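Here's the structure, in structure tokens; my notes come after.
The first residue of the sequence shown is numbered 1, and numbering continues consecutively from there. These numbers were taken from a predicted model, which means no experiment stands behind them.
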Amino acid sequence: MSQQQPGRRTALKAAGAGALAVATGAVATGTASAQDSTTAIPGERTLAAQLRRALPDDRVLVRGDAAYDAERAAYHRVIDHHPAAIVVPCHADDIATAVRIASHHRVPIAVQATGHGISRSAHGGLLINTRQLKRIRIDPSQRTAVVSPGVVFSELIDAAAAHGLAPASGSAVDVSVTGYTSGGGLPVIGRTVGFAADHVTRVDLVDAKGRRRRLTPHRDADLF
């Protein structure tokens, strides 16, 4: 746990969740329109084959797999992309491995949890779907929470309520905690506690080179 910071960037005040653990891949530039084909092309098969050599087979999906369409779908249907491969990680090391491989192939990377705020197409590239990363750790004495990127606010609310606490959530409780918070997050109790992002004390992420990094206001402060 990071120590509390002075001012608004502190650990959880009386009503807000403080620490945030984020495991996410890098987003490369460039988008492409969707295509109707359900058959992987040779370049996609090469990417998928390398991912499957490095990760358990059931964590990698390509066009034609039974779960492919369900995993690429988002809550918002603004983007109907067909990734070359989808990785559904079970822990942060899976993400780091997938990002390294995708970076080697120079393909775009997009990350999705619930898909409420999806804005980056993974067409022809790698989509990392973090929905299975559901870890929550509450420290009631510090009034902080560490959450993985698949956690939605309804789950964090229930976990915090067991300790008489409440996170700085918005009006929709089925959005991911990390997506909402990393986008700023104006909570229902925002007039009292400010933005959800104001309460973040630590971020764990995977950078564009596939390296796991821990950021705080005092360590890699610019990236934080």
Side-chain angles (χ1 to χ4, degrees), residues 21-135 148-152 176 178-179 182-183 203-215 220 223:
V22 181
T24 181
V27 177
T29 59
T31 61
S33 60
Q35 65 186 44
D36 294 330
S37 173
T38 58
T39 303
I41 61 177
E44 295 181 359
R45 288 196 292 268
T46 300
L47 174 64
Q50 190 168 349
L51 287 167
R52 281 177 164 154
R53 283 195 296 269
L55 297 169
D57 206 42
D58 60 350
R59 297 180 196 174
V60 181
L61 300 169
V62 297
R63 281 184 280 187
D65 288 342
Y68 176 85
D69 284 336
E71 294 296 347
R72 72 180 177 87
Y75 178 86
H76 288 309
R77 301 303 174 90
V78 176
I79 294 178
D80 181 24
H81 52 192
H82 291 78
I86 302 173
V87 169
V88 185
C90 289
H91 47 69
D93 286 339
D94 291 345
I95 297 175
T97 298
V99 169
R100 285 194 296 270
I101 293 171
S103 296
H104 175 75
H105 286 272
R106 301 183 66 83
V107 299
I109 304 171
V111 182
Q112 178 175 305
T114 62
H116 278 71
I118 188 169
S119 60
R120 175 71 64 180
S121 172
H123 183 78
L126 173 66
L127 176 65
I128 299 174
N129 190 324
T130 63
R131 66 176 181 81
Q132 290 189 0
L133 299 173
K134 291 286 192 180
R135 185 181 181 190
S148 296
V151 175
V152 297
S176 71
T178 55
S182 61
V203 178
D204 294 330
L205 60 76
V206 173
D207 69 15
K209 294 183 178 180
R211 299 173 300 189
R212 295 183 62 178
R213 300 174 66 176
R214 174 162 292 182
L215 317 176
D220 288 323
L223 184 55

For [X] and [Y], work out which heavy atoms get closest and say how close.
X      : Y      : result
Val111 : Thr130 : CG1-CG2, 3.9 Å
Ile101 : Ala54  : CD1-CB, 3.7 Å
Ser176 : Gly179 : OG-N, 3.1 Å
Leu47  : Ala84  : CD2-CB, 3.9 Å
Val99  : Gly210 : CG1-N, 3.7 Å
Pro149 : Ala113 : O-CB, 3.5 Å

Are [X] and [Y] packed together at the side-chain level, in the sense that at least one heavy-atom pair is separated by less than 4.5 angstrom?
X      : Y      : result
Gln112 : Ile128 : no
Arg213 : Leu223 : yes
Thr97  : Leu55  : yes
Val62  : Glu44  : no
Lys209 : Arg100 : no
Leu51  : Leu126 : yes
Arg59  : Cys90  : yes
Pro83  : Arg72  : yes

Exercise for review: Just do the salt bridge (Lys or Arg N to Asp or Glu O under 4.0 Å) check on Arg212 and Asp94 with the steps written out, would you?
Suggested key: CA-CA 11 Å; Arg212 295 183 62 178; Asp94 291 345; over 6 Å; no
Please confirm whether the backbone N or O of [Y] pairs with a side-chain atom of [X], one donor and one acceptor, at under 3.5 Å?
X      : Y      : answer
Asn129 : Arg131 : yes
His81  : Ser121 : no
Arg52  : Val60  : yes

Review point. Would Val151 and Arg135 count as a side chain to side chain contact (heavy atoms under 4.5 Å, CB included) if you check the C-alpha gap in whole Å, the side-chain angles of each, and the deciding distance to 0.1 Å?
Key: CA-CA 7 Å; Val151 175; Arg135 185 181 181 190; 5.9 Å; no
Check your understanding: Looking at Arg211 and Asp93, does any basic side-chain N land under 4.0 Å from a carboxylate oxygen?
Key ->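 Here Arg211 does not pair with Asp93 in a salt bridge, since their nearest N and O are not under 4.0 Å apart.
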Check your understanding: Salt bridge between Arg77 and Asp80, side-chain N to carboxylate O under 4.0 Å?
Key ->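 Looking at Asp80 together with Arg77, the answer is no, because their closest N to O distance does not fall below 4.0 Å.
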Distance (rounded to the nearest 0.5 Å) between [X] [atom1] and [Y] [atom2]:
X      : Y      : atom1 : atom2 : answer
Lys134 : Ser148 : NZ    : OG    : 10.0 Å
Ile95  : Leu205 : CD1   : CG    : 10.0 Å
His82  : Arg63  : NE2   : CZ    : 6.5 Å
Ile86  : Leu127 : CD1   : CG    : 5.5 Å

Point to revise | His104 and Gln50: side chain donor to acceptor below 3.5 Å | key: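 No pair is found: no donor N or O on one side chain lies under 3.5 Å from an acceptor on the other.
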Review point. Relative to the ring of His116, is the ring of Tyr75 parallel (under 30°), tilted (30 to 60°) or perpendicular (over 60°)?
Key: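 Correct class here is parallel.
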